[in-house]
S.K.: 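Below is the structure I would like to discuss, written out as C-alpha cells.
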Amino acid sequence: MQISMRYFLGLGSNLGNKKKNLKRALYLLKKRGVKILRASSLYRTQPVHFFDQPWFFNQAVAIETSCTPYALLNLIKQIEREMKRECLIQNGPRTIDIDILLAEQTVIQTKKLTVPHPRMEKRNFVLVPLKEIAADAVHPLLKKKIKELWKNSQDCSIVKKLRKEGRKEKK
C-alpha cells in the first residue's frame with residue numbers, strides 16, 4: 001500500500017494566457033496522478049525583485065500524492081518544461097512556476113530542494129492564496145500558522161483577488 005503525503009504548492013504565471021496556464025498546470029498534475037484537494041482563488045500580483053515584467057496570476061493548491069518530495073519536484077520540473085518555461089532571468093517572466101511550499105511537517109534543506117519554501121513568510125503572493133485554503137497550517141520551522149505569518153508580513157506588494165468566472169478583470 002502506497003502512503004500519500006499532503007503538500008501545498010504555489011503556482012504563478014505572467015506570460016501568455018496566465019489563467020489558462022494555471023489551469024493547464026493543474027490538469028497536468030492531475031493527469032500524473034496528483035489529487036487536487038483544494039485550490040485558492042486566482043490573485044493578480046505585483047512582480048517582486050524584478051519589476052520590469054508583466055504582473056502575475058498566482059494560486060495556492062493543496063494536493064495529495066504518493067510522491068516523495070524529490071519525486072514531486074521532478075514531476076513539477078517536467079510539467080514546467082512541458083509548458084515551455086524558460087529561466088532567462090532569475091525571478092523574471094515565465095509561463096509557469098510551481099513551487100513546493102509545504103510538505104506536511106517535513107523540513108528539507110539541500111541544494112536541490114528546500115521545504116518549507118525559502119522566504120515564503122516574506123511573500124504576500126504566496127501567503128494570501130495559501131491563507132485562503134490553509135490559514136491554520138503551521139510552518140514547521142517558524143512554528144506559526146499561515147494566517148499569523150500573513151498578518152505579520154512586511155511585504156507591501158499588491159495582491160488582488162480576481163473576480164469570479166464570467167467577469168472581466170483588467171490585465
S.K.: If you round to the nearest 0.5 Å, how far is CD1 of I100 from OH of Y70?
M.R.: 10.0 Å
S.K.: What about F57 and Y27, same hydrophobic cluster or not, with Ile/Leu/Val/Met/Phe/Trp/Tyr joined at side-chain heavy-atom distances under 4.5 Å?
M.R.: yes
S.K.: Taking all atoms of both residues into account, what is the closest heavy-atom pair of I146 and L102, and its distance?
M.R.: CD1-CD1, 4.2 Å
S.K.: Is there a donor-acceptor contact under 3.5 Å from the side chain of K84 to the main chain of R81?
M.R.: no
S.K.: Write down the atom of S4, the atom of E104, and the distance for their closest heavy-atom approach.
M.R.: O-OE2, 4.4 Å
S.K.: Side chains of N58 and T45: do they bring a donor and an acceptor to under 3.5 Å?
M.R.: yes
S.K.: Would I158 end up clustered with V126 when hydrophobic side chains under 4.5 Å apart are linked, directly or stepwise?
M.R.: no
S.K.: With distance as the sole test, does K18 use its side chain to make a donor-acceptor pair with the main-chain N or O of W55 at under 3.5 Å?
M.R.: yes
S.K.: Is the shortest heavy-atom distance from the side chain of R32 to the side chain of I79 under 4.5 Å?
M.R.: yes
S.K.: In plain terms, say whether E80 and K77 are close enough for a salt bridge, that is, a side-chain N and a carboxylate O under 4.0 Å apart.
M.R.: yes
S.K.: Inspect the surroundings of CZ in F50 and state if more than 12 heavy atoms from other residues, nucleotides or ligands are less than 6.0 Å away.
M.R.: yes
S.K.: I would like to know whether V48 and Q46 meet side chain to side chain contact (heavy atoms under 4.5 Å, CB included); could you show each step before the answer?
M.R.: CA-CA 6 Å; V48 179; Q46 186 176 13; 5.9 Å; no
S.K.: For the atom pair CZ (F51) and OG (S157), what is the distance rounded to the nearest 0.5 Å?
M.R.: 8.5 Å
S.K.: Report yes if some heavy atom in the side chain of I108 is under 4.5 Å from a heavy atom in the side chain of T110; otherwise report no.
M.R.: yes
S.K.: Indicate the atoms forming the closest heavy-atom contact of L22 with G12, along with that distance.
M.R.: CD2-N, 3.9 Å
S.K.: Ion pair present between E82 and K31, side-chain N to carboxylate O less than 4.0 angstrom?
M.R.: no
S.K.: Is there a side-chain contact between K35 and I63 (heavy atoms, below 4.5 Å)?
M.R.: no
S.K.: When hydrophobic residues are tied together by side-chain contacts of less than 4.5 Å, even through go-betweens, does I98 share a cluster with M5?
M.R.: yes
S.K.: Side-chain heavy atoms nearer than 4.5 Å, only ILVMFWY residues, links allowed to pass through others: does that put F125 and L162 together?
M.R.: no
S.K.: Measuring from atom CG of L15 to atom CD1 of I96, what distance do you get when rounded to the nearest 0.5 angstrom?
M.R.: 10.5 Å
S.K.: Evaluate the side chain to side chain contact (heavy atoms under 4.5 Å, CB included) criterion for residues K23 and L11: first the C-alpha distance (whole Å), next the side-chain angles of each, then the deciding distance (0.1 Å), finally the verdict.
M.R.: CA-CA 10 Å; K23 275 187 173 179; L11 287 78; over 6 Å; no
S.K.: Give the table of side-chain donor-acceptor pairs shorter than 3.5 Å for residues 116-124, with sequence neighbours excluded, one pair per line with atom names and distance.
M.R.:
from: N124; atom 1: OD1; to: S153; atom 2: OG; distance (Å): 2.9
from: N124; atom 1: ND2; to: D155; atom 2: O; distance (Å): 2.8

S.K.: My understanding is that only residues two or more places apart in sequence, or in another chain, count here; which of them pass side chain to side chain contact (heavy atoms under 4.5 Å, CB included) with N17?
M.R.: K19, K20
S.K.: Kindly compute the distance separating OG1 (T65) from CG (L29), expressed to the nearest 0.5 Å.
M.R.: 9.0 Å
S.K.: With a 4.5 Å cut-off on side-chain heavy-atom distances among I, L, V, M, F, W and Y, is there a chain of contacts connecting I133 to L42?
M.R.: no
S.K.: A side-chain contact here means heavy atoms from C-beta on lying under 4.5 Å apart; do S66 and I3 qualify?
M.R.: no
S.K.: Residues two or more places apart in sequence or in another chain: which of them pass salt bridge (Lys or Arg N to Asp or Glu O under 4.0 Å) with R94?
M.R.: D97
S.K.: Name all pairs fulfilling the salt bridge (charged side-chain N to carboxylate O under 4.0 Å, His left out) condition that reach into residues 48-76, sequence neighbours left out, sorted by first residue then second.
M.R.: R6-E64
S.K.: In sequence, state the C-alpha distance, the side-chain angles, and the governing distance for V61 and F8, and then conclude on side chain to side chain contact (heavy atoms under 4.5 Å, CB included).
M.R.: CA-CA 6 Å; V61 294; F8 290 101; over 6 Å; no
S.K.: Would you indicate whether the side-chain heavy atoms of L130 and L149 approach each other to under 4.5 Å?
M.R.: no
S.K.: Does the side chain of F56 reach to within under 4.5 Å of the side chain of S13, using non-hydrogen atoms?
M.R.: no
S.K.: To check you understand the geometry: which heavy-atom pair defines the closest contact between N14 and P93, and what is its length?
M.R.: OD1-CA, 3.2 Å
S.K.: Show the nearest heavy-atom pair for residues V115 and L101, with the distance to one decimal.
M.R.: CG1-O, 4.3 Å
S.K.: Hey, is the main chain of C67 close enough, under 3.5 Å, to the side chain of Y7 for a donor-acceptor pair?
M.R.: yes
S.K.: Are the side chains of L72 and L9 in touch, meaning some heavy atoms are under 4.5 Å apart?
M.R.: yes
S.K.: What residues form a side chain to side chain donor-acceptor pair (under 3.5 Å) with Y43, not counting sequence neighbours?
M.R.: E132
S.K.: What I'd like to find out is whether the side chain of V138 reaches to under 4.5 Å of the side chain of K144, using heavy atoms alone.
M.R.: no
S.K.: For K147, check salt bridge (Lys or Arg N to Asp or Glu O under 4.0 Å) against everything at least two apart and list the hits.
M.R.: D136
